[in-house]
Amino acid sequence: MTQTYIENIAEHVGESVTIKGWLYNIRSSGKLIFPQVRDGSGILQCVVFKKNVAEEVWNACQTLTQESSLIVTGTVRADERAPGGFEMDVTDVEIVSIAEPYPITPKEHGAEFLLDHRHLWIRSKMQHAILRVRHEVIRAVRDYFDSHGFILADTPIFTPAACEGTTSLFEVNYFDDEKAYLTQSGQLYNEATSAAFGRAYAFGPTFRAEKSKTRRHLTEFWMVEPEVAYATLDDIMDLAEDFLCFIAARVLANRRPELETLGRDIQKLEAIQKPFPRISYDEAAKMLIDGGQAFEYGGDFGAPDETFISSKYDRPVMVHRYPAAVKAFYMKPDPTDPTKALGVDVLAPEGYGEVIEAASARRTSSSFAIRSPSTNYRKKRSTGISTCGNTAPCPTPASAWASSAVLRGCAESNTFAKPFRSRERFTGPSHSERWTPVLWGSRCGRLEGAIP
RNA sequence: UCCUGAGUAGCUCAAUGGCAGAGCAUUCGGCUGUUAACCGAAGGGUUGUAGGUUCGAGUCCUACCUCAGGAGCCA
């Protein structure tokens, strides 16, 4: 018999169908057994009535344990007593495998335990909702750029050198006596692709060897980096604003049930509408000082500073023209005040901090050649490090670059946590908080501490 | 690296310096509509590690280990 997926079960009312999956939970009441079966697309309550099945089927159901694999066949029926509104009157059960005692019980668990069982944890309802929202965010990111004239040009993960010069890199052996580093940004390559295609983006994993221990940082995360030739800071701020609104709208349109499963405050996502407030660093600094924050003018904003600024707005706020000294070298100075950089940070609401950093980038100044990433890159070019199918190394003299702008937004962490040290894996708020802030929180893969 | 908190049954957590406990999970029994089902019974412990104080330490002290939250770093 062909397999039916639970997500399509409503189309099969009155029919006999076969579901192939795993036992999510089971309850019994004398001559009735209620196995809940999940197949990855959903969870379906089955009803096994002793009089309606063969004795061996009834006995088999007595042996089922949580997460045992099984194939059930029966008639689909709408029933308001069933979670989900549909259930199956079982006529046959084939047990594929009886699971050992399953470590994740239908009660509460701690973060450490759940991360040690991450391969099983992703079977739970909360994790399904989180990963489906993640999937929607990633699809929206791709759809946005694909439909706005950008070409996807992914960049190498093994790279010959740092590009921003500040963060620590993971070093790996690259054949005999060469060293390579896991990428911290595709930016150097994006310079080349944007000069070739005008609008290009890279979207992939990024690595930073910072022993940061906050909810805002991971050693491995996914980042999307669009680059637009000839764009100004205002152009790139418009892009960032439009991009975020698009993603929020898509998740709201397609993943509302998952957001509700997670207990997400949907109104806060619905508030993500244009226009976003745009304030200068000087204005933001004045807010902090007037608000009594421990902040010194001229410095970068700390996490509490960003939270304070974003708390004044119900939607993302764009802070532009930071002091050049606290920003990356590639940002172009503001012609009206060269001490300021033509860059912008987009701060998410609800204290999630910076989700996008963007800038109008230096590309033509001869003075930057000394510090030019392109210059470094040329020197290291002989390593020839490049990964298959990615942008080929192709350095160009600095003077040949057109002015362009970059927008870098972090998307998501990986599905599987635990890279090397537990402190560097998914981190999040106290697991006693039974919610998962999705969208902004997806940037750092928040923990959900309870099943289901 | 710094600050704060935590570590007890497979899991989540109790236990005034005085007998090591509960719920879930597991095993057995009961129940014809369960919704994290319920009811009854059983098994399950070197209280993170090493010292110390005390008649007596899960509890107090010291060091270390691990985890969590925050700071710094950083995106």
Side-chain angles (χ1 to χ4, degrees), chain A residues 24-36 43 45-52 62-63 65-67 77 79-85 87 89 99-117 120-121 124-126 164-169 184-185 187 206-225 294 299-307 326-328 343 345-348 352-358 408-411 413 421-433 443-444 447 449-452:
Chain A
Y24 189 73
N25 199 0
I26 190 165
R27 290 181 282 267
S28 68
S29 178
K31 304 295 183 283
L32 279 170
I33 301 175
F34 298 94
Q36 290 189 323
I43 297 172
Q45 172 161 292
C46 301
V47 184
V48 184
F49 185 28
K50 190 172 185 181
K51 285 182 181 171
N52 291 355
Q62 305 286 341
T63 69
T65 56
Q66 196 183 356
E67 287 301 327
R77 181 166 47 75
D79 193 313
E80 62 183 15
R81 291 172 294 187
E87 64 184 18
D89 284 321
E100 297 173 12
Y102 190 68
I104 300 178
T105 68
K107 292 281 181 177
E108 205 175 338
H109 296 283
E112 185 183 5
F113 175 82
L114 289 169
L115 284 166
D116 283 342
H117 297 83
L120 302 176
W121 190 20
S124 73
K125 283 181 188 169
M126 287 288 190
E164 293 186 346
T166 50
T167 56
S168 307
L169 302 175
Q184 64 174 181
S185 167
Q187 190 180 338
T206 303
F207 306 87
R208 305 278 169 102
E210 302 288 345
K211 288 185 181 178
S212 297
K213 189 169 153 40
T214 79
R215 66 183 59 182
R216 291 186 166 89
H217 298 94
L218 284 171
T219 49
E220 173 185 341
F221 61 97
W222 276 53
M223 178 163 78
V224 63
E225 298 177 280
D300 203 355
F301 300 137
D305 300 325
E306 290 182 352
T307 300
V326 304
K327 281 295 174 187
D345 282 3
V346 182
L347 306 180
Y352 292 115
E354 178 198 314
V355 286
I356 289 178
E357 178 184 63
R408 299 191 359 227
C410 301
S413 54
R421 297 177 52 176
S422 55
R423 67 189 304 182
E424 292 156 358
R425 65 199 182 193
F426 285 116
T427 58
S430 161
H431 62 267
S432 62
E433 296 178 50
R443 179 183 176 194
C444 52
L447 277 183
I451 301 294

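Each chain gets a letter, A, B and so on, in the order its sequence line appears, and its residues count up from 1. No hydrogens, no waters, no symmetry mates; every other heavy atom, side chains included, goes into these values.
- A/Tyr102 contributes atom OH, which lies 4.5 Å from atom CD of A/Glu67 (distance to the nearest 0.5 angstrom).
- Of the P atoms belonging to B/C67 and B/G30, the separation is 47 Å, rounded to the nearest Å.
- Side-chain contact between A/Lys50 and A/Leu32: absent, with no pair of heavy atoms (C-beta onward) separated by less than 4.5 Å.
- Taking atom P in both B/C2 and B/U59, one finds a spacing of 26 Å when rounded to whole Å.
- The CZ atom of A/Phe301 lies 8.0 Å from the CG atom of A/Leu347; values are rounded to the nearest 0.5 Å.
- Ranked by how close their nearest RNA chain B nucleotide is to the 5' end, A/Glu80 and A/Asp300 are led by A/Glu80.
- Comparing the C1' positions of B/G18 and B/U4 gives an interatomic distance of 32 Å, to the nearest angstrom.
- If you take atom C1' in B/G45 and the same atom in B/G58, they sit 12 Å apart, rounded to whole Å.
- One atom, CD of A/Gln66, and another, C1' of B/U26, lie 12 Å apart when rounded to the nearest Å.
- One can place CG of A/Leu169 at 14 Å from C1' of B/A75, the figure rounded to the nearest angstrom.
- Distance check: A/Asp345 CG to A/Lys327 NZ gives 3.5 Å after rounding to the nearest 0.5 Å.
- Note that CZ of A/Phe49 and NZ of A/Lys31 are 9.5 Å apart. Values are rounded to the nearest 0.5 Å.
- To the nearest 0.5 Å, atom CD of residue A/Gln62 and atom CD1 of residue A/Ile26 are 8.0 Å apart.
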Using a cut-off of under 3.5 Å, enumerate the N/O to N/O pairs linking the protein to nucleotides 28-33 of chain B.
unit_1, atom_1, unit_2, atom_2, d
B/C31, N3, A/Gly30, N, 3.2
B/C31, N4, A/Ser28, OG, 3.4
B/U32, O4, A/Lys51, NZ, 3.2
B/G33, N1, A/Glu87, OE2, 2.7
B/G33, N2, A/Gln45, NE2, 3.3
B/G33, N2, A/Glu87, OE1, 2.6
B/G33, N2, A/Glu87, OE2, 3.2

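- A 4.5 Å side-chain heavy-atom check between A/Lys125 and A/Tyr24 finds at least one atom pair inside the cut-off.
- Rounded to an integer number of Å, the gap from CD of A/Glu225 to P of B/A75 is 12 Å.
- On the C1' atoms, B/A9 is 10 Å away from B/A20, given to the nearest whole Å.
- With contacts defined as side-chain heavy-atom distances shorter than 4.5 Å, the pair A/Leu114/A/Ile104 qualifies.
- Across the P atoms, B/C3 and B/U8 are found 24 Å apart, a figure rounded to whole Å.
- The distance from atom CD of A/Glu67 to atom P of B/A36 is 17 Å, rounded to the nearest whole Å.
- Summary of the strand contacts: A/Gly302 and A/Thr65 both lie near RNA chain B, and taking for each the nucleotide with the nearest heavy atom, the more 5' one is attributed to A/Thr65.
- Straight-line distance from the CD atom of A/Gln62 to the C1' atom of B/U27: 14 Å, rounded to whole Å.
- The distance from atom CG of A/Leu114 to atom P of B/C67 is 16 Å, rounded to the nearest whole Å.
- Side chains of A/Cys46 and A/Gln36 form no contact here, defined as non-hydrogen atoms less than 4.5 Å apart.
- The distance from atom NE2 of A/His117 to atom P of B/A25 is 17 Å, rounded to the nearest whole Å.
- For the pair A/Val48 and A/Pro35, the minimum side-chain heavy-atom distance is below 4.5 Å.
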Set out, line by line, the N/O atom pairs under 3.5 Å between protein and nucleotides 9-11 of chain B.
unit_1, atom_1, unit_2, atom_2, d
B/C11, O2', A/Glu108, O, 3.3
B/C11, O2', A/His109, ND1, 2.3

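- At a threshold of 4.0 angstrom between heavy atoms, the contacts of A/Asn25 are confined to the sugar-phosphate backbone, with no base atom among them.
- Atom C1' of B/U12 sits at a distance of 30 Å from the matching atom of B/G33, rounded to the whole Å.
- Ring geometry for A/His109 versus A/Phe113: interplanar angle under 30°, hence parallel rather than tilted (30 to 60°).
- For A/Thr206 and A/Gln184, the side-chain atoms include no donor-acceptor pair closer than 3.5 Å.
- Paired runs in RNA chain B that reach 3 or more consecutive Watson-Crick or G-U pairs, where each pair keeps both distances under 3.5 Å, cover B:1-7 with B:65-71, B:10-13 with B:21-24, B:26-30 with B:38-42, B:48-52 with B:60-64.
- Atom P of nucleotide B/C24 and atom CZ of A/Arg27 are separated by 15 Å, given to the nearest angstrom.
- To the nearest whole angstrom, the two P atoms, one in B/G51 and one in B/C13, are 29 Å apart.
- A 4.5 Å side-chain heavy-atom check between A/Arg81 and A/Gln45 finds every atom pair outside the cut-off.
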